[in-house]
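Notes follow the structure.
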Amino acid sequence: RPEAVAALYREVRDIPAIQGVHSRHDLTTNLEETIIEHMAVFIGFLVLFAGIVFFGTILNASLVNLAERQRELATLRVLGYGPWQIGSLVFRESLVVTLAGSVLGMPLGYQLTLMMARLYESELFRLPVISGPGVYAATFGLGLLFALVTHLVVQRSIHRTDWLEALQAKE
């Protein structure tokens, strides 16, 4: 059938009185591809900026936690814990907060997306909200990845800490 349609278009284009022939299907397909391509770029930038904010938030919280508990962690170091073991404790605490935030944040984010779609709804167009399980899995996976990358920075800070000075610090 596509061959017959292509032959028909060739014959119609050869008629001198007709200046142009366009297929509605081809036009809508091209438009959809263009829109999807631009959306993919836009979504990529949104994910990048969200990742930067997520990274900065986790890093800030972890470094503040590390600074506030420096004396406790120095005591663990003196008791024989290694920097990797101390980092593991800090990482687990950070991971619990990250997981709790992800579990609570994803449904809230979906509800906010629905609300935004309703706000932009008009007689001319409507924005459908479509998100499959893959979106949530990717969000969760990227959250864990950012948490791991953040922990590398925190672990570096743990390795650079002067433990004797932290123990001598007066509160």
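For reference, positions follow the sequence shown, starting with 1. Keep in mind that this is a model prediction, so the values were computed, not measured.
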So does Arg69 pair up with Glu93, basic N to acidic O under 4.0 Å? yes
Where do Ser131 and Tyr136 come nearest, in terms of heavy atoms and distance? OG-OH, 3.5 Å
Just how far is it from atom CE of Met106 to atom CG of Leu108, taken to the nearest 0.5 Å? 11.5 Å
Treat each ILVMFWY residue as a node, draw an edge where side-chain heavy atoms are under 4.5 Å apart, and state whether Met116 and Phe125 are in one component. yes
Check whether any side-chain heavy atom of Leu114 sits under 4.5 Å from a side-chain heavy atom of Gln111, and report yes or no. yes
Charged N to carboxylate O below 4.0 Å: is that the case for Glu121 and Arg118? no
To the nearest 0.5 Å, how far apart are CG in Asn60 and OG1 in Thr150? 11.0 Å
What is the ring orientation for His159 with Trp84, classed by angle as parallel under 30°, tilted 30 to 60°, or perpendicular over 60°? perpendicular
Calculate, to the nearest 0.5 Å, the distance between atoms CD1 and OG1 belonging to Ile52 and Thr57 respectively. 11.5 Å
Give the minimum heavy-atom separation between Pro83 and Ile158, together with the two atoms involved. O-CG2, 3.8 Å
Verify the cluster assignment for Leu144 and Val149: are they in a single hydrophobic cluster under the rule of side-chain heavy atoms below 4.5 Å apart? no
If you look at every heavy atom in Phe91 and Ala147, which pair is closest and at what distance? CE1-O, 4.1 Å
Taking C-beta and beyond as the side chain, do Arg92 and Val96 meet within less than 4.5 Å on heavy atoms? no
Of all heavy-atom pairs between Gly143 and Thr98, which one has the smallest distance, and what is that distance? O-CG2, 4.3 Å
Hydrophobic clustering (ILVMFWY, side-chain heavy atoms < 4.5 Å, transitive) - are Val47 and Phe140 grouped together? no
Can you find a side-chain donor-acceptor pair between Thr75 and Arg71 that sits under 3.5 Å? no
Taken to the nearest 0.5 Å, the spacing of Leu63 CG from Ser94 OG works out to 10.0 Å
For Thr34 and Glu37: C-alpha separation, side-chain torsions, deciding distance, then whether side-chain contact (heavy atoms from CB on, under 4.5 Å) applies. CA-CA 5 Å; Thr34 303; Glu37 183 178 307; 5.7 Å; no
Is the closest side-chain heavy-atom distance between Val12 and Leu8 below 4.5 Å? yes
One pair to check against side-chain contact (heavy atoms from CB on, under 4.5 Å): Leu89 and Leu76. What are the steps and the verdict? CA-CA 11 Å; Leu89 289 171; Leu76 289 175; 3.8 Å; yes
Joint cluster assignment, Leu66 & Leu59, ILVMFWY side-chain distance < 4.5 Å: yes
Once you round to the nearest 0.5 Å, how far does CD1 of Ile58 lie from NE2 of His151? 12.0 Å
Where Ser62 and Val154 come nearest, the two heavy atoms and their spacing: CB-CG2, 3.5 Å
Ignoring hydrogens, what is the shortest heavy-atom contact between Phe55 and Phe146? Give both atom names and the distance. CD1-O, 4.2 Å
Could you go through Arg126 and Tyr120, starting from their C-alpha distance and side-chain angles, then the distance that decides it, and tell me whether this counts as side-chain contact (heavy atoms from CB on, under 4.5 Å)? CA-CA 7 Å; Arg126 188 173 68 102; Tyr120 283 106; over 6 Å; no
Do the side chains of Leu46 and Val135 join up, straight or via other hydrophobic residues, at under 4.5 Å, putting them in one cluster? no
Min side-chain heavy-atom separation Thr161-Leu73 under 4.5 Å: no
Are Thr139 and Ser102 side-chain neighbours, meaning at least one heavy-atom pair lies under 4.5 Å? no
From Asn65 CG over to Gln70 CD, what is the distance, rounded to the nearest 0.5 angstrom? 11.5 Å
